[in-house]
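Here, residue 1 is the first one in the sequence, and each next residue gets the next number. What you are looking at is a predicted structure, and each value in this text was computed from that prediction instead of being measured.
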Amino acid sequence: MDSFFVRFKNSLVLIAIMVVQVVALALQVPRASGDLPGSHADGRKISTLRYWAVAVVSPFERLTHGSSLSLRHIWSNYIDLRHTREQNLQLQQQIVRLREEQEALAEDAAQGRRLQALLGFQQQYISTTVAAQVIGTTGTDRSNMISIDKGYKDGLKSDQAVMTPDGVVGKVRDVWAHTAQVLLLNDATFGAGVVLSASRIRGIVRGTANGQIMINDLTSDLRIKVGDQVVTSGGDRVFPRGLPVGEITSIVPDPQHQPYTAITVKPYANLSRLDEVLVITGTESQLPRAAQQDAAQAEAAEQESRRAADSVADKLPSLPQNSADPNNPAASSENNIGGIAGIPNSGLPHSKPPLHPDRYSPGAAPPATDLKPGAPPSPTPPQP
């Protein structure tokens with residue numbers, strides 16, 4: 001062994017010097033994010049060493065996360081199955097309730113689409129998404145980012161919206177072949193256009209250095225209240241319009257930026273416990289095919305219910321029109337019940353004639369056209 005090192009001493013020293021030089025160049029030569037596949041040129045620089053480190057560490061993160069996920073699935077799917085029957089009953093009841101709500105919402109949605117068609121409104125709907133697993137975090141207080149197991153080979157690009165079923169999580173920042181980093185809502189460099197659902201006031205939600213989410217570009221307004229829902233406005237071309245972000249928890253004056261207010265927003269998504277996320281990779285101006293089918297079924301059901309209501313209304317008994325002949329008063333009086341014009345006598349029950357008629361009996365009072373102001377009352381008809 002000693003003879004080997006002695007014999008190839010010069011070659012080994014030369015190889016060691018070349019390795020040191022390559023590492024030094026990797027540390028000194030940054031790469032623009034636009035040079036990476038699937039990224040946009042936005043001026044950020046990524047060092048080659050970091051690119052290599054991510055490529056080396058990512059497979060181990062994926063392996064570790066996949067192993068832990070398999071163990072959790074084995075526990076949750078085969079071992080921890082307590083109270084399953086009770087949960088099934090509760091879910092069945094919830095399904096019935098949700099179906100009723102879905103029918104009501106489908107009718108409202110159909111009306112909203114008709115109004116949008118009248119106004120020529122163009123809405124961006126989510127067409128394609130990619131599900132990803134969270135495999136790591138930045139682990140620092142100054143930067144709030146997570147790593148996911150999908151990259152540009154799965155269709156991901158920079159500045160794509162990331163969300164969960166609860167609400168918005170953040171947006172894609174850096175993309176590699178099989179991994180990507182997501183900038184969270186509570187990062188100090190994050191920003192997105194939002195609108196308050198109740199008052200329709202627009203603003204910009206930003207993260208802070210202490211991990212909170214704030215809206216600090218709005219002046220004091222009585223329409224802004226605690227508990228109002230905050231959704232995306234769609235004006236930033238990153239997040240589609242109407243995605244839930246969170247709700248307002250506090251409204252206080254901003255002493256550093258008067259007359260603006262500091263509005264704290266609590267996100268709907270739990271940013272500290274993220275396991276799976278959805279990356280929105282495509283939007284379109286029309287509803288997806290499945291949503292169009294659901295909308296067509298809802299509209300067909302609404303039309304069927306209207307036809308059924310009209311059919312029932314046609315089958316209900318109704319009064320025919322008065323066919324009195326003005327030239328034949330006798331026929332007109334025969335078709336009237338008790339002298340009341342407009343109510344025919346044929347086929348309908350009527351009251352018996354009074355035993356002791358007076359001036360209040362039906363048919364005893366003269367027509368209004370024959371009455372004269374100030375005339376004495378008509379005499380009471382004689383009793384039989």
Given the rule in the side-chain contact (heavy atoms from CB on, under 4.5 Å) test, do Asn216 and Ile263 qualify, once you have shown the distances and angles that lead to the verdict? CA-CA 6 Å; Asn216 52 15; Ile263 302 174; over 6 Å; no

Run the salt bridge (charged side-chain N to carboxylate O under 4.0 Å, His left out) test against Arg97 and tell me which residues pass, sequence neighbours left out.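 Counting only residues at least two positions away or on another chain, Arg97 forms a salt bridge (charged side-chain N to carboxylate O under 4.0 Å, His left out) with Glu101.
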
Under 3.5 Å, which donor-acceptor pairs do the side chains of residues 222-229 form with other protein atoms, sequence neighbours left out?
| residue | atom | partner | partner atom | Å |
| --- | --- | --- | --- | --- |
| Arg223 | NE | Asp221 | OD1 | 3.3 |
| Arg223 | NE | Asp221 | OD2 | 3.3 |
| Arg223 | NH2 | Asp221 | OD2 | 2.9 |
| Asp228 | OD2 | Lys225 | N | 3.0 |

Is there a donor in the side chain of Ser220 and an acceptor in the side chain of Thr261, or the other way round, less than 3.5 Å apart?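 On atom types as modelled, these side chains do not qualify, holding no pair under 3.5 Å.
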
Please confirm whether the backbone N or O of [Y] pairs with a side-chain atom of [X], one donor and one acceptor, at under 3.5 Å?
X	Y	value
Gln93	Gln90	no
Asn144	Leu184	no
Ser233	Gly193	yes
Thr232	Pro240	yes

Check against side-chain contact (heavy atoms from CB on, under 4.5 Å), Thr179 and Ile148: CA-CA 6 Å; Thr179 57; Ile148 57 178; over 6 Å; no

With Ala131, which residues qualify under side-chain contact (heavy atoms from CB on, under 4.5 Å), at least two apart?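 In terms of side-chain contact (heavy atoms from CB on, under 4.5 Å), with neighbours along the sequence ignored, Ala131 is linked to Leu278.
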
Would you kindly confirm whether Met145 and Val238 end up in one hydrophobic cluster when ILVMFWY residues are joined by side chain heavy atoms under 4.5 Å apart?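 Yes; Val238 is reachable from Met145 via cluster members.
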
Are any of the side-chain heavy atoms of Asp154 and Thr281 separated by less than 4.5 Å?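 When only atoms from C-beta onward are counted, Thr281 and Asp154 do not touch, as no gap falls below 4.5 Å.
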
